Amino acid sequence: MSVTVDPEIAAGLDHFRTLVAGQQPVWPDAEHLGSVSERLAAVPPLVVPAQLETLTERLAAAGRGEAFLLQGGDCAETFAEANADRVRNKVRTILQMAVVLTHGASMPVVKMGRMAGQYAKPRSSNDETRDGVTLPAYRGDMVNGHAFTEDARVPDPERLLQGYTISAATLNVVRALTTGGFADLRQVHEWNRGFMTNPAYARYERTAAEIDRAIRFMAACGADFEALRTVEFFVSHEALLLDYERALTRVSSQTGLPYDSSGHFLWIGERTRQLDGAHVDFLSRISNPIGVKLGPTTTGDDALRLQERLNPDGVPGRLTFITRMGASKIREALPPIVEKVTREGGPVTWVTDPMHGNTITSDSGYKTRRLEDVLDEVRGFFEVHRGQGSVPGGLHVELTGDDVTEVLGGSEEIDDAGLALRYETLVDPRLNHQQSLEMAFQVAEMLQAR
Ligand SMILES: O=C[C@H](O)[C@H](O)COP(=O)(O)O
Ligand SMILES: C=C(OP(=O)(O)O)C(=O)O
């Protein structure tokens, strides 16, 4: 008698439940979580396997130095800001940065949002205390509310369903923008409209004028520009809430492989990358392209073991290491890691996150970062890879398309007093639209030198 084994069980997708999972909310009602998980297991996927294969190829190209990954978006997306304006502003910022990079370095740019799913956050502390009152920390809109009240801070599984719905709606806007004409390269001037008063925008305008001229020249030569109408755009988030990620995982009837349909690219954070932990186990079993954040305490052995565990077959583009060392540490901390993985491991796409190792508290008490530190870490990243003969394959940044004042510096010289003007993030500080463009111009120069 033949026995049919459920493909999800055969793939060991629930093995992570036997392991330690860091940074999980304490859900007050296990039955409620169970019923939400069942509902999520039946919803349509947000992404499909063919897109994941394409992205794996793109990331492999970035790993070989034939493309460059630009991954950006909010630290913590919120449900309230999942509206057309905010999504459009972020997509536009990424498109503008990509234009600057492509133009400056003649390099295809793989465009990816930290978007449509970035609703859960790891925290340094489980609690937050204000004026003698202690409540559970805010862990992202997919877990609890940001308001400092007892009710809001209780983790609520219904938020997982809301997160799915809002991810779907966000993805819908992203698709409409990237395939419906807004992202057409012939709109390169239009994206800058209303932003013309500072040096980064003026510089962007000159780049746009050159691109425009080149397009008009090619059009006059009879070139077909239909391909410029749409852009390939992927979405990503931290795979933190394993109950959600597991419920969104489907086994493809075509390939027989499990894929997590919650986003194209998923990463594990610095706080949950333990080799014997639940997150590494779960990500080792899905076939999406995946990333791991590596902080300054990572050893070469840690990185090598992760590479062996998460990409045992050495598939190019499957694994991205996103290093986030801090500007003052990267030049010492990164070389031994790159050396070990390059000498003894399989293919890896190396990406820099110059945000998370450079967080400081300003004198007035804001959690912030200095743009100069952020840029210095990117510079260090390029220097280390040049020294090691490896490839700096991409940039991962926390940014917004709006004129917030959360990061110090830039040509508008945001200082400590200026932070108060428009400090809106619920967790970590993001580059604003103009700082993002400034960064793109500097990174384009580094890429050109590469
Ligand atoms: O985005 C990264 C982390 O979630 C964040 O830095 C944690 O912030 P905390 O130290 O305020 O908890
Ligand atoms: C938490 C994050 O980063 P890290 O894991 O690098 O601290 C993040 O990118 O939101």
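Worth saying up front: this structure is predicted, and the values here are computed from it rather than measured. As the structure lists them, so they are numbered: ligands from 1, and atoms in each ligand from 1.
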Could you tell me, atom by atom, which parts of ligand 2 come under 4.0 Å of a heavy atom of [X]?
X	value
Arg324	4 (P), 6 (O), 7 (O)
Gly269	5 (O)
Lys293	2 (C), 3 (O), 4 (P), 5 (O), 6 (O), 8 (C), 9 (O)
Glu398	10 (O)
Arg114	8 (C), 9 (O), 10 (O)
Arg271	7 (O)

Show which atoms of ligand 1 fall inside a sub-4.0 Å distance from at least one heavy-atom site of [X].
X	value
Arg271	3 (C), 7 (C)
Lys121	1 (O), 2 (C), 4 (O)
Asp428	1 (O), 2 (C), 3 (C), 5 (C), 6 (O)
His356	1 (O), 2 (C)
Lys367	5 (C), 6 (O), 7 (C), 8 (O), 9 (P), 10 (O), 11 (O)

*asked:* I'd like to know whether the aromatic ring centres of Trp267 and His237 sit less than 6.0 Å apart in this structure.
replied: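 Here the rings of His237 and Trp267 have centres that are no less than 6.0 Å from each other.
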*Please find out if less than 6.0 Å separates the ring center of Tyr423 from that of Tyr366.*
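Here the rings of Tyr366 and Tyr423 have centres that are less than 6.0 Å from each other.
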*Does one side chain, of Gln434 or Ser411, offer a donor that lies under 3.5 Å from an acceptor on the other?*
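Checked: Gln434/Ser411 side chains pair up, N/O donor to acceptor below 3.5 Å.
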_Are any of the N/O atoms on Cys75, whether in the backbone or the side chain, positioned under 3.5 angstrom from an N/O atom of ligand 1?_
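No, Cys75 has no N/O under 3.5 Å of an N/O on ligand 1.
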Nearest to [atom], what protein heavy atom do you find, and at what distance?
atom	value
atom 5 (O) of ligand 2	Glu270 N, 2.8 Å
atom 4 (O) of ligand 1	Pro122 O, 2.6 Å
atom 10 (O) of ligand 2	Lys121 NZ, 2.6 Å
atom 10 (O) of ligand 1	Ser124 OG, 2.3 Å

Decide, yes or no, whether a salt bridge links [X] with [Y] under the criterion of side-chain N to carboxylate O below 4.0 Å.
X	Y	value
Glu8	Arg246	yes
Asp74	Arg114	no
Glu66	Arg64	yes
Arg305	Glu308	yes
Glu158	Arg39	yes

*Take atom NZ in Lys329; do more than 12 heavy atoms of anything else shown fall under 6.0 Å from it?*
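Counting neighbours around NZ of Lys329, 12 or fewer heavy atoms of other residues, nucleotides or ligands fall under 6.0 Å, so no.
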Where on [X] is there a heavy atom closer than 4.0 Å to ligand 2, on the side chain, on the backbone, on both, or on neither?
X	result
Pro122	side chain
His237	neither
His356	side chain
Met355	neither

_Checking Lys340 now: which residues fulfil side-chain hydrogen bond (donor to acceptor under 3.5 Å, both in side chains) with it, not counting sequence neighbours?_
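Lys340 satisfies side-chain hydrogen bond (donor to acceptor under 3.5 Å, both in side chains) with Asp301, Glu344 once adjacent residues are dropped.
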*For Thr134, all residues meeting side-chain hydrogen bond (donor to acceptor under 3.5 Å, both in side chains), sequence neighbours excluded*: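 side-chain hydrogen bond (donor to acceptor under 3.5 Å, both in side chains) list for Thr134, sorted by chain: Thr129.
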*Taking the side chain as every heavy atom from C-beta outward, state whether Asp156 and Trp27 have any pair of such atoms under 4.5 Å apart.*
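Side-chain contact under 4.5 Å: no.
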